[in-house]
Amino acid sequence: MRLDRWGVSETLHLDKGSIIRRAGLPPRDLRILGPVFSDSSSILAREKAMVINLEFIRAIVTADEILLLDPLTIDVIPFVEQLTHHLPLKNLVCGNGQPGGDDHGEKHDDSPGDQLPRLNEATGAEHELPFEFQVLELALETVCSSFDVNVSGLERRATPVLEELTKNVSTRNLDRVRTLKSDLTRLLAHVQKVRDEIEHLLDDNEDMAHLYLTRKQLQNQQVEALISSAASNSIVPGGTSLSRLNNSFRRSVSIATSMHLDNDVEDLEMLLEAYFMQLDGIRNRILSVREYIDDTEDYVNIQLDNQRNELIQLQLTLTIASFGIAVNTFIAGAFAMNIQSKLYSIDDGSFFWPFVGGTSSGCFMICIVLLWYARWKKLLGP
C-alpha cells in the first residue's frame, strides 16, 4: 500500500527493482523486510528513505510517502487506519493551529517545505513533526499499544493460574504456568528488541540526524535551485566550474548540518525517549509478572519440601515400629521351631501369657527408645 502525507492511499504491486528505484535503497536493505528478518526490529536511515521493521509493521518511508508491506493483516489494519485519519489533519494544520497559507490567504503548494516543523514566532518552538517522524511515531504507538494489550492479557491470566497452583499442585496447573512463562518470555524478547533498537538510535546523534528525510530533501532542492539559478544567469561559464560550485554548495550544507546537529536531533530524541520510557515500563511489567511466577514457584517448592519431610518422618516412624514388631516376631518364630525344650512340658499354661507380655513389652520399650533417639536427633521434627 502506498500512502502519501495527505492520506491518499492506493494498492500497488511492485517488484524489488521498482522499490529500489522508487525509494533509492540498496538491494540488501530489502532483506530486512523479508521473512528471514521478520522477527527482528530495526530502523534504518538511508539517503532518501527510512526502512522500518517493527514487529508486524514493515514499511519504507520517504519524505513524501510510505510504502507499507502486508497492509491487510489483522495487526497492521489499526496502523493503516491511524495513518489515514491522523496524517491529513496534521499536515493541513500549521504550528499556530491555522490552515497553511501565505500572507494573502492562499494555500501553499504541496512542497517539501510544507512538511517542515512550523515555528511559533513568539516562542520559536516547533509544533509539528515532519512526515517521516509522524509515520514513525504512529508505528511506535501501534507497536507499544499492541505490547500493552498483550501484557495486560497476561497479567489477567497470571493471577487465577498462580492462585490455583498454590491451592492444588497438579500436572494441569503446572502446564498452565509453563505456558504462561513461555508467553511472557516470548513477549519480553519482542519488547527487548524494539527497546534496544530505540536505545541504539538514542546513543548515536548521527544516525538520528540521517532520519530527517524532509530536511535533507529540502537542502538538496535548495542546492539544485542555486545551481540552476547560477547556470541560467551565466554566472559560471564552464561545466567544470559548475561541478565545482555544486560540490562547494553541498559541502557548505553538510558543514551547516553538522554544526547544528544537536539542535537537529532534539525533536526526534524527545520522541524516541518517550517511547523508550514506555517500552521500559512495559518491560518492567513483564518482569514483575515473572517475579510473581518465580515467587509462587518458590512457595510451591517449599510446600512440596515440607510434604516430603513429613513423608520421611512418617516412613522413619513406621520403620521403627516395624523393627519392634520384627523382634517380637523373631522371638515367637524361635519358639515355634521343633526344638526340644522344658517349657513345652508345662501343661497348665501359666507361663504362656507372662512370656508373651514380657516379650511384647520389651519390644515396645525398644520402639520407645528409638523414637526418643530420633526426636533427640531432630529427625522427627520439634
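Between Asp207 and His200 the shortest side-chain heavy-atom distance falls below 4.5 Å. Taking the side chain as every heavy atom from C-beta outward, Thr214 and Glu132 approach each other to under 4.5 Å. In this structure, the side chains of Asp64 and Phe131 stay at 4.5 Å or more apart for every pair of heavy atoms. Proximity of Ile198 to Leu140: side-chain heavy atoms (C-beta onward) are separated by under 4.5 Å at one or more points. By the 4.5 Å heavy-atom criterion applied to side chains, Leu201 and Leu211 are counted as neighbours. For the pair Phe56 and Thr73, the minimum side-chain heavy-atom distance is 4.5 Å or more. Using a 4.5 Å heavy-atom cutoff, the side chains of His210 and Leu44 are not in contact. Counting heavy atoms from C-beta outward, Val194 and Tyr275 have side chains that stay 4.5 Å or more apart.
Linking ILVMFWY residues whenever their side-chain heavy atoms come closer than 4.5 Å, directly or via other members, leaves Ile331 and Ile368 in distinct clusters. When the side chains of ILVMFWY residues are joined at heavy-atom separations under 4.5 Å, either directly or via intervening members, Ile312 and Leu380 end up in two distinct hydrophobic clusters. Hydrophobic clustering of Ile, Leu, Val, Met, Phe, Trp and Tyr side chains at less than 4.5 Å, counting indirect connections, unites Leu12 with Leu30. Ile60 is connected to Leu14 through a chain of hydrophobic side-chain contacts under 4.5 Å among Ile, Leu, Val, Met, Phe, Trp and Tyr, so both are in one cluster. In the hydrophobic clustering of ILVMFWY residues, with side-chain heavy atoms under 4.5 Å counting as a link, Leu287 and Phe147 come out together.
Sparse packing is recorded around CD of Gln315, with 12 or fewer heavy atoms of other residues, nucleotides or ligands lying under 6.0 Å away. Residue Ile74 places its CD1 atom among 12 or fewer non-hydrogen atoms of other residues, nucleotides or ligands, all under 6.0 Å distant. Heavy-atom neighbours of Tyr299 OH from other residues, nucleotides or ligands within 6.0 Å: at or below the threshold of 12. No more than 12 heavy atoms of other residues, nucleotides or ligands shown are found within 6.0 angstrom of CZ on Arg290.
Looking at Gln313 and Asn309, their side chains never bring a donor and an acceptor atom within 3.5 Å of each other. Side-chain N/O atoms of Asp15 and Ser18 include a donor and acceptor closer than 3.5 Å. At a cut-off of 3.5 Å, with distance as the only test, a side-chain donor of Arg285 or Ser152 sits close to an acceptor on the other residue.
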- Query: How far apart are the C-alpha atoms of Arg308 and Leu304, what are their side-chain angles, what is the distance that settles it, and do they pass the side chain to side chain contact (heavy atoms under 4.5 Å, CB included) test?
  - Reply: CA-CA 6 Å; Arg308 191 179 299 109; Leu304 294 177; 4.3 Å; yes

- Going through the checks in order, is the side chain to side chain contact (heavy atoms under 4.5 Å, CB included) test met by Arg2 and Asp4? CA-CA 7 Å; Arg2 173 193 174 275; Asp4 60 15; 4.0 Å; yes

- Task: Walk me through it: do Asp175 and Arg172 pass the test salt bridge (Lys or Arg N to Asp or Glu O under 4.0 Å)?
- Result: CA-CA 5 Å; Asp175 186 68; Arg172 176 176 175 271; over 6 Å; no

- Item | Val135 vs Glu65, side chain to side chain contact (heavy atoms under 4.5 Å, CB included): CA-CA, chis, key distance, verdict | CA-CA 10 Å; Val135 175; Glu65 63 183 9; over 6 Å; no

- Worked check of side chain to side chain contact (heavy atoms under 4.5 Å, CB included) between Leu202 and Glu269: CA-CA 6 Å; Leu202 289 173; Glu269 188 174 7; 3.9 Å; yes

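With sequence neighbours excluded, the residues that form a side-chain contact (heavy atoms from CB on, under 4.5 Å) with Ile325 are Thr329. Residues forming a side-chain contact (heavy atoms from CB on, under 4.5 Å) with Leu370 (at least two apart in sequence, or on another chain): Ile320, Phe323, Ile366.
Residues Leu138 and Phe79 share a closest heavy-atom pair of C-CE1, 3.7 Å. Among all heavy-atom pairs drawn from Ala23 and Ala49, the shortest one is O-CB, 3.6 Å. Nearest approach of Glu197 to Ser41, heavy atoms of both residues: OE1-O, 3.4 Å. The two residues Pro71 and Val80 come nearest to each other via the heavy atoms O-CG2, 3.8 Å. Residues Asp148 and Ile282 approach most closely at N-CD1, 4.1 Å, considering heavy atoms. When all heavy atoms of Arg46 and Leu25 are compared, the pair lying nearest together is CG-CD2, 3.7 Å.
A side-chain donor-acceptor contact under 3.5 Å links Thr166 to the backbone of Glu163.
Interatomic distance, CD1 of Ile43 versus CG of Leu136, reported as 5.0 Å (0.5 Å rounding). Atom CD of residue Glu164 and atom CG of residue Asn173 lie 5.0 Å apart, to the nearest 0.5 angstrom. Rounded to the nearest 0.5 angstrom, Leu184 CG and Glu155 CD are separated by 9.0 Å. With rounding to the nearest 0.5 angstrom, the CG atom of Asp280 is 12.0 Å from the CD atom of Glu273. Taken from CD in Glu297 to CD1 in Ile293, the straight-line distance is 7.0 Å, to the nearest 0.5 Å. Taken from CZ in Phe276 to CZ in Arg283, the straight-line distance is 8.5 Å, to the nearest 0.5 Å.
For the salt bridge (charged side-chain N to carboxylate O under 4.0 Å, His left out) condition, the pairs that include at least one residue of residues 68-84, sequence neighbours left out, are Arg58-Asp70.
We find that Lys193 and Asp196 are not joined by a salt bridge, their nearest charged nitrogen and carboxylate oxygen being 4.0 Å or further apart.
Between Trp376 and Tyr373, the two ring planes are tilted [angle within 30° to 60°].
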